[in-house]
Amino acid sequence: MQPMPPSQPEIGILPVREASIVEAGKGAGIACDKHSAAGSVSQRACVFCGSRVVLYPIADALHLVHGPIGCAAYTWDIRGALSSGPQIHRNSFSTDLQEMDVIYGGEKKLYHALTELIDLYKPNAAFVYSTCIVGIIGDDVAAICKRVAAEKGIPVLPVNSEGFRGTKKDGYRAACEAVYKLVGTAPTEGIPPHSINILGDFNLAGETWIIRDYYQRIGVNVVSCITGDARVEDIRRAHGAKLNLVQCSGSMMHLAKVMERDYGIPVKRVSYFGIEDMSAALYETAKFFADDPTIMERAQALVRDEVALIWPQLRAYRAKLQGKKAAIYVGGAFKAFSLVRALKMLGMETAVVGSQTGGAEDYKQLQEMCDPGTIIVDDSNPLELAKFCLQKDVDLFIGGVKERPIAYKMGIGFCDHNHERKEPLAGFIGMLHFAREVYSSVMSPVWQFAPRRAAKLKGAQP
Amino acid sequence: MLNGTTAEIKERSALRINPAKTCQPIGAMYASLGIHGCMPHSHGSQGCCAYHRSTLTRHFKDPVIATTSSFTEGSSVFGGSANLNQALENIFTIYKPEIVAVHTTCLSEVIGDDIPTIVKKAAEEGKVPAGCRVIHANTPSFVGSHITGFANMTKAMVNYLSEKTGETKDQINVIPGFVDPSDMREMKRLAGELNVNIVLFPDTSDVLDTPQTGIYEMYPKGGATVEQIASAGDSIATLALGTFASHPAAIALEDKCSVPTALLELPIGVTATDEYIDALRNYAAVEVPASIVQERGRLLDVISDMGQYLFGKRVAVFGDPDHVIALTRFLVELDMKPVYVITGSSGNHFETRVGEILKEQVPDAKIKQNADLFELHQWIKQQGVDLLIGNTHGKYIARAEGNIPFVRFGFPILDRMSHRVFPTVGYQGALRLVDKIIDAFFDKKDREAPEEQVELIQ
């Protein structure tokens with residue numbers, strides 16, 4: 001029995017949203033970098049969220065959320081940012097502000113919470129996140145942090161992350177500013193000349209470990225990873241590196257820029273996703289350390305060996321996935337570039353691509369790299385995304401937690417390229433994982449039963 | 001991850017570690033989703049809305065919609081009135097809900113936005129289409145917990161929507177509490193077996209457990225309709241399931257429309273389900289059909305079959321107050337010993353009621369409201385338990401203490417799927433709980449016991 005497919009009700013677009021949707025191959029620029037329209041079902045989060053996700057992976061630091069319980073509860077152990085050692089960051093610490101604290105101020109509570117926590121866990125640093133309400137009741141968080149730092153002898157860093165003070169991007173910036181207070185506070189003796197910092201990789205499913213291993217294999221020393229599997233002591237010495245390699249530029253470019261300004265450390269923007277981008281990152285680094293040509297030789301050998309290892313399997317997946325269509329909706333636009341390229345390598349076409357926080361330049365580049373007719377969108381919502389997916393009849397959706405069930409309801413495969421990825425997608429081996437995940441979801445036998453798909457399959461039969 | 005937890009307990013004056021609660025607005029959002037054709041609206045910063053949607057999505061694995069006022073620095077200074085006004089216009093223009101349910105956040109509460117006034121102005125400006133409704137609940141995050149938020153929004157449904165026409169309808173209201181769609185479905189099924197018409201509100205079945213159809217529906221077919229909630233004022237009676245999540249709405253309905261109320265507990269376990277069935281039977285003047293008697297009998301049969309494995313087992317329970325109270329009662333029926341019983345929410349009724357339930361069997365049980373998982377873990381370190389029951393966050397405690405048999409129960413469950421489809425309420429739900437408890441015991445034994453002690457027959 002095949003049930004009749006229900007028809008999708010018509011979906012409109014908010015008039016204020018029209019300027020944030022364009023097509024590749026058409027001249028119009030996109031409206032982005034704006035606050036979301038009030039009343040839209042935005043997929044975006046807030047300043048606090050931006051700060052919290054960036055700093056979260058620093059595993060030997062305390063992360064205390066100053067505010068009512070929710071902000072700490074919703075960010076409790078939600079990111080698969082792995083630590084090879086301490087796991088303190090995976091607990092949820094909150095001042096759990098109550099009505100009386102809102103009236104009389106939460107400073108006293110913050111002071112006690114901080115000192116109790118530090119006594120209990122003996123961390124190497126502490127971050128204190130301000131939530132919306134702290135910005136309104138006017139607690140002097142910086143003063144408390146200073147006092148506790150002096151008493152306990154560890155850095156205690158305020159993060160100015162009140163939710164309403166901008167967008168998630170502003171939260172990234174606040175995180176960079178907090179982390180920057182650690183940089184330059186420990187000696188750099190003993191750091192070898194060919195040394196880098198890995199910025200903007202968060203060790204989801206262990207990705208930083210893969211990248212770090214590649215660099216070490218080509219003869220480049222990694223001083224610190226900010227913030228994947230990070231340790232406070234490494235960050236304090238980060239200024240001893242000769243080069244900052246920035247992935248996820250939306251989150252970490254600010255830190256790289258201030259380090260360039262104050263320590264003269266040059267910056268390169270890289271991506272570790274997909275064969276092309278991963279190879280480019282290694283070659284760029286090798287070129288930078290041209291004084292030692294063996295680094296380039298080793299990089300070339302590494303790329304050759306790693307690609308040879310995955311290529312036969314990739315080709316097999318590609319044969320099956322050729323011509324399938326994908327929709328991408330991710331946090332930062334730079335990740336979208338890598339995804340478009342990686343999908344191309346799998347023979348797939350990107351029909352819809354969008355991000356929560358892309359800038360004008362990013363979208364221009366997306367327009368250039370995508371096939372004509374590709375829909376490009378900033379700060380989208382479930383209705384729009386559903387509309388575009390059906391319009392383009394995509395086979396795959398790449399997104400985060402809120403998009404997954406929408407894709408499945410429509411009978412579309414899904415790949416989480418956000419916090420909830422279960423296998424590392426970075427590096428050469430990551431490309432193979434990605435291909436396997438895409439293959440398993442796009443080709444899943446369950447879709448043949450999905451009414452909309454079933455009707456299509458039936459129609460295709462002679 | 002929990003290496004820092006020590007058995008030695010030091011008084012904490014200001015610190016919450018690993019909470020057993022979250023904030024009011026998510027409860028209000030969940031309740032709102034139980035109205036058909038409703039757009040929940042979060043009046044605050046964008047992050048609140050995103051976090052609630054993500055958390056609900058992780059628990060239900062279904063799309064969760066809600067809009068936000070997207071507060072900015074300006075709104076925090078000048079108030080969020082303009083944002084809400086604009087939001088209402090946008091929501092009704094493009095998403096076309098039948099009703100918008102606005103809840104506040106800590107930010108808008110502290111700023112002091114007066115929601116009814118803002119909504120009234122928007123309505124006067126023609127931004128609320130004819131026939132559409134806007135309701136609201138105040139849900140400051142620094143008061144109560146997500147259960148309070150659920151209760152407040154459910155009460156708002158009554159205050160805004162329920163009417164008494166004077167003509168009593170042949171129906172009974174059921175206010176289910178912050179339970180899963182599978183539970184709400186089971187409450188309806190049981191009423192159906194008894195042949196009693198019920199108005200269940202809020203009702204998230206067929207909203208957050210929707211089938212795969214190949215399309216995305218913003219407003220799935222489920223949810224209590226505005227008309228049904230309005231008609232609740234004409235019902236024969238109201239059954240309110242759970243002191244914390246449901247009683248306030250039922251009391252409000254009694255005050256407003258004089259609908260008699262049975263203040264019950266969640267129908268988890270034998271007696272509590274009996275009470276639910278009994279209340280339906282009494283108010284509707286129906287007979288309990290053989291099918292229900294048989295269901296109950298099958299539950300009792302399983303309990304007696306497994307009784308030897310349940311007797312005297314020490315259990316730690318944590319979660320939301322109504323759930324924990326009801327479960328504690330069931331555990332006592334199972335001859336188990338709930339020795340540690342906590343909730344993250346505040347409310348003296350919790351300690352009083354659990355104390356009463358445990359008075360005979362476990363007089364020395366530790367019972368605490370406004371507690372957290374760190375403290376519960378410390379108690380377990382001091383003296384161990386045979387079974388831990390609570391939401392997903394408990395799994396780290398279970399691991400840290402040598403793989404205590406662990407049964408997932410409550411909210412949120414982020415790492416299993418069966419709560420979406422199988423209830424824990426009713427006789428069927430009780431069967432499922434016994435099944436899970438027994439599996440947890442036997443799986444551990446089969447994996448870890450020395451070979452000579454692994455038994456084929458249990």
Side-chain angles (χ1 to χ4, degrees), chain A residues 5-6 8-9 12 14 35-46 48-49 68-70 72-74 87-88 90-99 101-102 109 112-113 116-117 120-121 132-133 135-137 163-165 382-383 386 401-402 405-406 408-411 450-453, chain B residues 1 3-4 12-19 21-23 25-26 44-48 50-51 53-55 57-58 61-63 65-73 75-76 83-84 86-91 93-95 106-107 110-111 140-143 210 212-218 393:
Chain A
Q8 177 72 44
L14 269 179
H35 235 291
S36 304
S40 65
V41 186
S42 170
Q43 306 296 77
R44 275 183 181 170
C46 62
F48 166 72
C49 178
I69 197 67
Y74 304 122
Q87 308 283 334
I88 312 176
R90 299 180 63 190
N91 289 284
S92 176
F93 304 123
S94 168
T95 48
D96 192 5
L97 291 183
Q98 300 294 308
E99 197 154 22
D101 307 315
V102 173
K109 208 168 184 185
H112 289 297
E116 285 168 8
L117 263 178
L120 197 58
Y121 289 93
C132 286
I133 208 162
I136 302 290
I137 63 179
F164 59 86
R165 293 231 159 107
L383 265 191
V401 52
K402 294 195 287 295
I406 297 174
Y408 289 159
K409 294 292 176 211
M410 296 191 294
R452 184 175 65 86
R453 292 267 149 172
Chain B
M1 170 178 167
N3 292 345
R12 279 176 285 151
S13 66
L15 177 62
R16 181 71 63 204
I17 307 176
N18 298 344
K21 66 167 178 182
T22 182
C23 66
I26 195 172
S45 295
Q46 230 169 19
C48 308
Y51 279 138
R53 288 177 58 213
S54 293
T55 304
T57 302
R58 289 186 177 109
K61 306 218 182 312
D62 247 53
I65 51 153
T67 50
T68 163
S69 287
S70 300
F71 270 39
T72 59
E73 188 106 44
S75 342
S76 74
N83 295 57
L84 184 52
Q86 176 72 56
L88 287 171
E89 184 177 6
N90 282 339
I91 292 166
T93 307
I94 190 68
Y95 302 125
C106 45
L107 183 56
V110 173
I111 295 167
S141 323
F142 44 81
V143 176
T210 59
Q212 192 205 55
T213 55
I215 60 170
Y216 169 62
E217 286 176 294
M218 199 155 217
H393 291 293

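Naming: A, B, ... by sequence-line order, numbering from 1 per chain.
Rounded to the nearest 0.5 angstrom, I111(B) CD1 and I136(A) CD1 are separated by 5.0 Å. Atoms OG1 and CZ, on T68(B) and R53(B) in that order, are 10.0 Å from each other to the nearest 0.5 Å. Note that OG of S45(B) is 11.0 Å distant from CD1 of I133(A), once rounded to the nearest 0.5 Å. Note that NE2 of H112(A) and CG of L117(A) are 13.0 Å apart. Values are rounded to the nearest 0.5 Å.
When each of Q86(B), E89(B), R58(B) is checked for heavy-atom pairs under 4.5 Å with chain A, R58(B) comes out on top. Across P405(A), A113(A), C46(A), the residue that shares the most heavy-atom pairs under 4.5 angstrom with chain B is P405(A). Put simply, of V110(B), T57(B), L107(B), I65(B), the one with the most heavy-atom pairs under 4.5 Å next to chain A is L107(B). For the options D62(B), N83(B), V143(B), heavy-atom pairs under 4.5 Å to chain A are most numerous at D62(B). Between chain A and the options G47(B), P25(B), S75(B), the largest number of non-hydrogen pairs under 4.5 Å is found for G47(B). Looking only at heavy-atom pairs under 4.5 Å with chain B, the residue among C49(A), G135(A), G163(A), A72(A) that has the most is C49(A). Note on P140(B), A50(B), P63(B), S70(B): by heavy-atom pairs under 4.5 Å with chain A, the leading option is P63(B). Most heavy-atom pairs under 4.5 Å with chain B, from the set C132(A), G70(A), S94(A): that is S94(A).
Nearest heavy-atom pair across G411(A) and Q212(B) is CA-NE2, 3.7 Å.
Taking 4.5 Å as the limit, some side-chain heavy atom of Y95(B) sits within range of a side-chain heavy atom of S40(A).
Contacts between T55(B) and chain A at a heavy-atom distance below 4.5 Å involve the side chain alone, from C-beta outward. With a threshold of 4.5 angstrom between heavy atoms, T67(B) approaches chain A through its backbone and through its side chain. Interface residue M218(B): only side-chain heavy atoms are found under 4.5 Å from chain A. Residue contact with chain B, scored on non-hydrogen atoms closer than 4.5 Å, involves the backbone and the side chain of V41(A) alike. If you measure heavy-atom distances from T210(B) to chain A, the contacts under 4.5 Å come from both the backbone and the side chain. If you measure heavy-atom distances from F93(A) to chain B, the contacts under 4.5 Å come from both the backbone and the side chain. In this structure, the portions of I406(A) lying under 4.5 Å from any heavy atom of chain B include both its backbone and its side chain.
We find that K109(A) and D96(A) are not joined by a salt bridge, their nearest charged nitrogen and carboxylate oxygen being 4.0 Å or further apart.
Checked by atom type and distance alone, the side chain of D101(A) pairs as donor or acceptor with a backbone atom of Q98(A) at under 3.5 Å.
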Would you check, one step at a time, whether the test side chain to side chain contact (heavy atoms under 4.5 Å, CB included) holds for E73(B) with F164(A)? CA-CA 6 Å; E73(B) 188 106 44; F164(A) 59 86; 4.0 Å; yes
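Judged by distance alone, the side chains of S54(B) and Y74(A) never bring a donor and an acceptor atom under 3.5 Å apart.
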